[in-house]
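Every value quoted in this text rests on a predicted model; they were computed, and no experiment measured them.
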Amino acid sequence: MTPPPWPLRRRAARPAGLLLLSALLSACAGLQPPPAAPQAKVPASPPPTARRELPSPNRPQALATLPAPSLPPAPASPLGRPADPVIRPGFSSPEALPPVGIRPADALPAAGTPIDPLQPEVQPQPEAQARRDLWDRIREGYRLEPLETPEVAQQRRWYGSRPDYVQRMTARSSRYLFHIVDEVERRGLPTELALLPFIESAFNPQAMSSAKASGMWQFIPSTGKHFDLTQNLFRDDRRDVLASTQAALDYLQKLHAMFGDWHLALAAYNWGEGNVQRAIKRNQRAGLPTGYAHLRMPEETRHYVPKLIAVKAIVAAPQDFGMALPPIENHPYFLAVPIQRDIDTALVAELAELPLAEVQALNPSMNKPLILAAGTPQVLLPWENAQRFVHRLARHRGGLASWTAWVVPETMSPAQAAQKVGMAESELRSLNRIPPRMMVKAGSTLLVPRAGKRDQDVAEHVAENARLALAPVRPPGRRVVAKARAKDRTLALLAARHGLSAEAVAGWNGGSADMKLRPGQAVVLYLPTRAAAVPARAKERRATELAARKPAGSRAERLAQAEARRNKSPAVAGKPAAATGKRAVAQAGKSEGRRSGERVAQASPR
């Protein structure tokens, strides 16, 4: 007998005469009969296997006791995982699969409850709460101490007079703000800290300061390394939305534990904890208060906290400043999709049906047009686009990556490297950002076309340690190591003193033209080479000049030196130079002979 497509649900409403028929149908379908029905003699069903509870509490009880289905594994996608790893349509997890003999369209809803893969264990919030304005959630978490100083009033006026700038900042923040607020609340911190990227970078993850601080939270390279933010050729986690937020909040919590005051902690985040500690000790020695408003600090730090207080006031009551903040819904903007094969960023954008700029905005840590599975564990995409990307990727039959990493075996020029990998030198320079007049050192990693033997995914040790080391092309000329003088305050001044280009000297020494120099600091210079063929007469003249600088030891030597000086011109006093030379030689020989006691016959000059 063919089992019914769906068990009858309204058992209480069934007539009593149908109970036996219902029991027979249920037994044929492999179900236990209702306890109230008479026991019919039917063949025993096979022993049940592991039983799974379906997620919905409103399912009929018969569904909850069905044997666990034995389904074939899902087809593997090019990323090496099931075709639908984010969410199977209609189910909240891969475990909640439809039972055998039940059509999915009848058994379960058409779509399941969305989950956040960053926190899959957290229950999704109700729709009403997800539709709530995120700005309200931020306002409710304000806990910073009030600060009323002239600097705060000045910053309120400054932001209040620039509504367009505030509008651009707040619109840019909509991609990232929910995650930051969520992490701040999870740690129990004041929600004003979620507004700090407004002050640091105007919520621009690509921002780079003159001090080489990068990302929304503006980490300098050394501090980024201290907080385990990877910085290599392929990615810079100082710009990563998730990693940099974790590191920034770790740092702020450390500073607050050190100073016990959020204003001082924020000052230390901007100025450095050592500087704030010294400023506090200076006030303690002078018997002065040690609060933020009483410390002597640079102008930037003095206005740092007032800027945050001003932004806080705008978020609290934008109408007071004649503004209206763009609404931001209280739910995640993006999902994280695991990456297990190298793939081009452009292909991710194509499969997710997103502009490439949007993929780069959500994944700003990526330095190259290639996402390495060994170095970038996940890619962030908006919810719907993440689903679309995974499903379309499962059906993709072409190549995934058109680029790969190549470790340079020996120091070579960009032209030689381009010839080895089969690409144009200009393309190699542009793709790897190699400036002119530079050699690529051995051990450097270059992005090159994936072809031939270079068709495998990049190994983890290459992805994690990729670097580009350059050396200036040795120019023609003599290599000289010059010592900087007190007047050579910068590299440009020293270059000008030697008549050289500041940019060239900076390239030879791996610095910039405005690099500061210490007195006595060694600087490599390449000076023009002298002419190789020097006339014999010039050589003799140079030797004579050097000999003339030494003190004469005898009368003959003095006469010879005087004669040599007269011989600088072809004729002296109207006499031929040759005759004058003979006289000098004769006089020198006569004088030397007398000094040594020898009698030397002298020829008459006539």
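- Within 6.0 Å of CZ on Arg162 lie more than 12 heavy atoms contributed by other residues, nucleotides or ligands.
- Using a 4.5 Å cut-off on side-chain heavy atoms (C-beta onward), Gln246 and Glu183 make contact.
- Counting heavy-atom neighbours within 6.0 Å of Glu300 CD, excluding the residue itself, gives a total of 12 or less.
- Between Asp344 and Ala401, the shortest heavy-atom contact is OD1-CA, 3.5 Å.
- Contact between Thr191 and Gly141 at its shortest, heavy atoms only, is OG1-C, 2.9 Å.
- How far OG of Ser173 is from CD1 of Ile328: 4.0 Å, rounded to the nearest 0.5 Å.
- When the options Arg239, Arg235, Gln231 are evaluated for a side-chain hydrogen bond (donor to acceptor under 3.5 Å, both in side chains) with Asn367, the one that passes is Arg239.
- For the pair Thr223 (side chain) and Ile220 (backbone), a donor-acceptor distance under 3.5 Å is absent.
- A donor-acceptor pair under 3.5 Å is formed between the side chain of Thr170 and the backbone N or O of Gln167.
- Atom CZ of Arg437 has 12 or fewer neighbouring heavy atoms from other residues, nucleotides or ligands inside a 6.0 Å radius.
- A 6.0 Å sphere centred on CZ of Arg296 holds no more than 12 heavy atoms belonging to other residues, nucleotides or ligands.
- Put simply, the side chain of Leu193 does not reach to within 4.5 Å of the side chain of Arg143, judged on heavy atoms.
- Taking each heavy atom of Val379 and Ile371 in turn, the nearest pair found is CG2-CD1, 4.4 Å.
- For Arg137 against Asp182, the heavy-atom pair with the smallest separation is NH2-OD1, 2.7 Å.
- With Asn232 contributing its side chain and Ala463 its backbone, the two residues share a donor-acceptor pair below 3.5 Å.
- To the nearest 0.5 Å, atoms NZ (Lys307) and CZ (Arg302) are separated by 14.0 Å.
- Panel note: side chain Thr301, backbone Ala267; no donor-acceptor pair is recorded below 3.5 Å.
- Under the 6.0 Å cut-off for aromatic ring centres, Tyr269 and Tyr251 qualify, their centroids lying closer than that.
- In this structure, CD1 in Ile138 is found 10.0 Å from CD in Glu192, a value given to the nearest 0.5 Å.
- Arg467 contributes no side-chain N or O that, together with a main-chain N or O of Thr445, makes up a donor-acceptor pair within less than 3.5 Å.
- Looking at Tyr333 and Leu362, their side chains come closer than 4.5 Å, going by heavy atoms from C-beta outward.
- Under the 3.5 Å distance criterion, the side-chain polar atoms of Asn432 are matched with a main-chain donor or acceptor of Leu447.
- For Gln284, the CD atom is densely surrounded, since the number of other residues' heavy atoms within 6.0 Å is greater than 12.
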Task: Criterion side-chain contact (heavy atoms from CB on, under 4.5 Å) on Met515 and Ser512, from CA distance to verdict - done: CA-CA 5 Å; Met515 185 175 73; Ser512 58; 4.0 Å; yes
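- Counting all heavy atoms, side chain and backbone alike, Pro197 lies closest to Ile180 at CG-CD1, 4.3 Å.
- Atoms CG and CE, from Asn275 and Met297 in turn, are 10.0 Å apart once rounded to the nearest 0.5 Å.
- Other residues, nucleotides and ligands contribute over 12 non-hydrogen atoms within 6.0 Å of the CZ atom of Arg282.
- In this structure the side chain of Leu177 reaches within 4.5 angstrom of the side chain of Trp135, judged on heavy atoms.
- Between the side chain of Arg238 and the main chain of Leu229, no donor-acceptor pair closer than 3.5 Å is present.
- At most 12 heavy atoms of other shown residues, nucleotides or ligands fall within 6.0 angstrom of atom NZ in Lys441.
- Ion pairing between a basic and an acidic side chain is recognised when a charged N comes within 4.0 Å of a carboxylate O; Arg139 and Asp136 show such pairing.
- Under the 3.5 Å distance criterion, the side-chain polar atoms of Gln218 are matched with a main-chain donor or acceptor of Gly215.
- Between Lys312 and Glu145, no side-chain nitrogen of the basic residue sits less than 4.0 Å from a carboxylate oxygen of the acidic one, so the salt-bridge criterion is not met.
- The main-chain N or O of Asp514 is never found under 3.5 Å from a side-chain atom of Thr490 such that the two would form a donor-acceptor pair.
- Contact detail for Val462 and Ala405: the closest heavy-atom pair is CG1-CB, 4.1 Å.
- Between Trp271 and Val276 there is a side-chain heavy-atom pair separated by less than 4.5 Å.
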TODO: Give the intermediate values and the outcome of side-chain contact (heavy atoms from CB on, under 4.5 Å) for residues Phe234 and Thr376.
DONE: CA-CA 9 Å; Phe234 287 95; Thr376 307; over 6 Å; no
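- Here the options are Trp217, Phe203, Tyr176, Tyr304, the test is ring-ring contact (aromatic ring centres under 6.0 Å, His included), and the partner is Phe198; only Phe203 passes.
- Considering only heavy atoms from C-beta on, Arg175 stays 4.5 Å or farther from Pro382 through its side chain.
- Annotation: side chain of Val305 is in contact with side chain of Leu147 (closest heavy-atom distance under 4.5 Å).
- Interatomic distance, Glu358 CD to Leu380 CG, rounded to the nearest 0.5 Å: 11.0 Å.
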TODO: Take His179 and Leu242, measure what side-chain contact (heavy atoms from CB on, under 4.5 Å) needs, and give me the verdict at the end.
DONE: CA-CA 8 Å; His179 170 74; Leu242 309 179; 3.5 Å; yes
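- Of the inter-residue distances, the one linking Leu517 atom CG with Lys487 atom NZ reads 15.5 Å to the nearest 0.5 angstrom.
- Although no hydrogens or angles enter the test, the distance criterion places a donor-acceptor pair under 3.5 Å between the side chain of Asp488 and the main chain of Arg485.
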TODO: In sequence, state the C-alpha distance, the side-chain angles, and the governing distance for Leu335 and Leu381, and then conclude on side-chain contact (heavy atoms from CB on, under 4.5 Å).
DONE: CA-CA 5 Å; Leu335 296 180; Leu381 297 170; 5.9 Å; no
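- At a threshold of 4.5 Å between non-hydrogen side-chain atoms, the residues Val523 and Trp508 do not count as touching.
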